[in-house]
Amino acid sequence: QVQLAESGGGLVQPGGSLRLSCAASGISVGFAAMGWYRQAPGKQRELVVSVTSGGSTSYADSVKGRFTIYRDNAKNTLDLQMNSLKPEDTAVYYCSLKRRGANYWGQGTQVTVSS
């Protein structure tokens with residue numbers, strides 16, 4: 001079975017950094033379109049960044065220049081480096097993967113940016 005597991009979330013001060021990691025099992029991240037999404041309380045889930053199987057990336061305007069995605073085929077992980085974090089970045093961050101028309105999601109990891 002395909003499983004995605006996010007880690008690396010936590011509490012950080014505004015302006016700080018966090019690195020999230022999405023570990024995949026049962027599927028290779030190098031052959032799939034993937035992305036990081038986030039959902040804040042009372043808001044809909046939004047796309048943070050997506051990456052195609054070919055490596056093309058697309059970042060949300062709100063995170064562009066601050067967040068960077070890394071697909072590590074050797075470790076079979078999709079990482080998200082988050083710098084210059086803002087309170088509005090507070091959300092549950094989810095890893096996603098699409099393969100053969102099917103969507104897979106992790107359980108999410110909480111990121112809280114607060115002073």
Exercise. Would you say the side-chain atoms of N76 pair up with the backbone N or O of A24, donor to acceptor, closer than 3.5 Å?
Worked result: yes
For this session: Give the minimum heavy-atom separation between S17 and N83, together with the two atoms involved.
Result: OG-OD1, 2.9 Å
Exercise. Can you tell me how far OH of Y104 sits from NZ of K98, rounded to the nearest 0.5 angstrom?
Worked result: 12.0 Å
Exercise. Is it the case that one hydrophobic cluster holds both V29 and V2, taking links as side-chain heavy atoms less than 4.5 Å apart, direct or via other members?
Worked result: yes
Exercise. What residue pairs, at least two apart or across chains, pass ring pair (Phe, Tyr, Trp, His ring centres under 6.0 Å) with a residue in residues 57-76?
Worked result: none
For this session: To the nearest 0.5 angstrom, please state how far the OG1 atom of T112 sits from the CD atom of Q13.
Result: 12.0 Å
Exercise. Taking side chain as C-beta onward, heavy atoms only, is V111 less than 4.5 Å from M82?
Worked result: yes
For this session: Can you run down the disulfide bond (SG atoms under 2.5 Å apart) pairs that involve residues 44-75, sequence neighbours left out, and say none if there aren't any?
Result: none
For this session: Identify whether W105 and L47 are in the same connected component of the hydrophobic contact network (ILVMFWY, side-chain heavy atoms under 4.5 Å).
Result: yes
For this session: Taking all non-hydrogen atoms of both residues into account, name the closest pair between S115 and P14 and its distance.
Result: N-CD, 3.7 Å
Exercise. Among pairs that include at least one residue of residues 26-52, which meet side-chain hydrogen bond (donor to acceptor under 3.5 Å, both in side chains), considering only residues two or more places apart or in two chains?
Worked result: R38-E46, R38-S62, R38-D89, R38-Y93
Exercise. Would you say S7 and T109 make side-chain contact, with heavy atoms under 4.5 Å?
Worked result: no
For this session: Check the pair D72, T77 against side chain to side chain donor-acceptor pair (under 3.5 Å), reporting the backbone distance first and the verdict last.
Result: CA-CA 5 Å; D72 191 327; T77 62; 4.8 Å; no
For this session: Give, for atom CE of M34 and atom OG of S53, the distance between the pair rounded to the nearest 0.5 Å.
Result: 12.0 Å
Problem set entry | For L85 against L18, the heavy-atom pair lying closest together | CD1-N, 3.9 Å
Seminar exercise, completed: So the disulfide bond (SG atoms under 2.5 Å apart) pairs with at least one residue in residues 8-115 (sequence neighbours excluded) are C22-C95
Problem set entry | Exam field: side chain Q110 to backbone G10, donor-acceptor pair closer than 3.5 Å | no
Problem set entry | Same apolar cluster: I69 and V63, side chain cutoff 4.5 Å | yes
Exercise. Hey, any chance L80 and V12 share a hydrophobic cluster, counting ILVMFWY side chains that come within less than 4.5 Å of each other, even indirectly?
Worked result: yes
For this session: Could you note down all residue pairs passing disulfide bond (SG atoms under 2.5 Å apart) where residues 25-69 supplies at least one of them, sequence neighbours left out?
Result: none
Exercise. Do any pairs count as a disulfide bond (SG atoms under 2.5 Å apart) and have a residue in residues 50-94, sequence neighbours left out, and if so which ones?
Worked result: none
Problem set entry | Least distance between heavy atoms, A40 atom then A91 atom | N-CB, 3.8 Å
For this session: For residues A32 and L97, report the shortest heavy-atom separation together with the two atoms involved.
Result: CB-CG, 3.6 Å
For this session: Determine yes or no for a side-chain-to-main-chain donor-acceptor pair under 3.5 angstrom, with R66 supplying the side chain and S84 the backbone.
Result: yes
Exercise. Looking at K86 and V113, what are the two nearest heavy atoms and their distance?
Worked result: O-CB, 3.2 Å
Problem set entry | Joint hydrophobic cluster, V51 plus I27, side-chain heavy atoms closer than 4.5 Å | yes
